[in-house]
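One structure is given below, encoded as structure tokens.
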Amino acid sequence: MTTTRSARTDSDQYILTLNCPARPGIVHAVTTFLVGEGCDITEHQQFDDTDTGTVFLRTSFTAPAGTGPAHLEERFAATAEAYAMEWRLRDAAAKPRLLVMVSKFDHCLADLLYRWRSGTLDGDIALVVSNHPDLREQVEQAGVEFLHLPVARATKPEAEERLLRLVDEHAIDLVVLARYMQILSDDLCKALEGRAINIHHSFLPSFAGAKPYHQAHARGVKLVGATAHYVTADLDEGPIIEQEVIRVDHRQSAQELVLVGRDAERLALARAVNWHCQNRVLLHGNRTVIFN
Ligand SMILES: Nc1nc2c(c(=O)[nH]1)N[C@@H](CN(C=O)c1ccc(C(=O)N[C@@H](CCC(=O)O)C(=O)O)cc1)CN2
């Protein structure tokens, strides 16, 4: 169920997301709290997973100017505890800060940079990190800091420690693997749990692993696709956020599928990044609930 209203102007916009065990009164408890704090709901969505007895909820609302997230968090804590909620409340005006990781393929990076420059990316690209120097000029021309962080088997631990320091130093909220062709260690995946999104160039779970377009061509598929998912230690098996497909046929070579598939990769990744930045993606085990 989705309800949406335009936000007032003399107030601040917040987003509350939560999940909790299903029981009567959850929505009533949330809306009573919001009304009591002088808030006005502008968008509300919820999903009741009857298989697991879990309710998921996303409410966007305005509060009187100057209320501040800390005050609302302090006041909501009792309600959250009473319903055993896992919850998050965020100031919608604060754009999440992004660290984009790339290797040599630039099509997803170029798309994200274009969306960022044109104001249609809901996150701020703080810097780009690459294990190759090739894309420096393109990134710096867009006015974004570029850091070359080479990765070799022997230096991978140091490189990953440097990456985590960059995440802290730049107050990064989300790491985006835009066709970054290095496998992240289990420790790094744990450190970035729920904060790293990868674009895999196939319609998972089909054709996981290397050269998915060549696998697809050998299989004679009539659709190629891309999958944006959270990064976990299990390669290409993280919670799926968005997928996109494009029709193909027998006349196209494997390399032509690679080129055609790029449009699906760009679209799936951009949607996933924007939905994550808008707190529209709620984790549900190894799946997601998407309130878009
Ligand atoms: N821990 C994870 N790391 C990464 C994931 C993931 O889901 N979990 N997604 C990949 C992206 N990817 C496919 O989409 C992928 C990238 C790289 C490789 C790979 O075998 N890389 C080699 C090095 C290859 C090279 O140097 O050119 C390696 O890391 O040894 C497989 C899949 C991103 N990382």
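Note that these values count all heavy atoms, side chains included, but never hydrogens, waters or copies made by symmetry. Remember, it's 1-based here, ligands and their atoms both numbered in the order they're listed.
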Pair Glu161 + Lys156: basic N to acidic O under 4.0 Å: no
Check this for me, if you would: do Arg251 and Glu256 make a salt bridge, where the nitrogen-to-carboxylate-oxygen distance has to be below 4.0 angstrom? no
Out of Asn198, Val176, Val128, Leu163, which one pairs with Met101 under the side-chain contact (heavy atoms from CB on, under 4.5 Å) rule? Leu163
Measure the acute angle between the ring planes of Tyr213 and His201, then classify it against the limits of 30° and 60° as parallel, tilted or perpendicular. tilted
Close-range residues for ligand 1, whose non-hydrogen atoms fall below the 4.0 Å threshold: Lys156, Leu177, Tyr180, Met181, Gln182, Ile183, Leu184, Cys189, Asn198, Ile199, His200, His229, Val231, Thr232, Leu235, Asp236
Face-on cation placement of Arg136 at Phe146 ring, 6.0 Å and 45° thresholds: no
Of all residues at least two apart in sequence or in a different chain, which pass the ring pair (Phe, Tyr, Trp, His ring centres under 6.0 Å) check with Tyr180? none
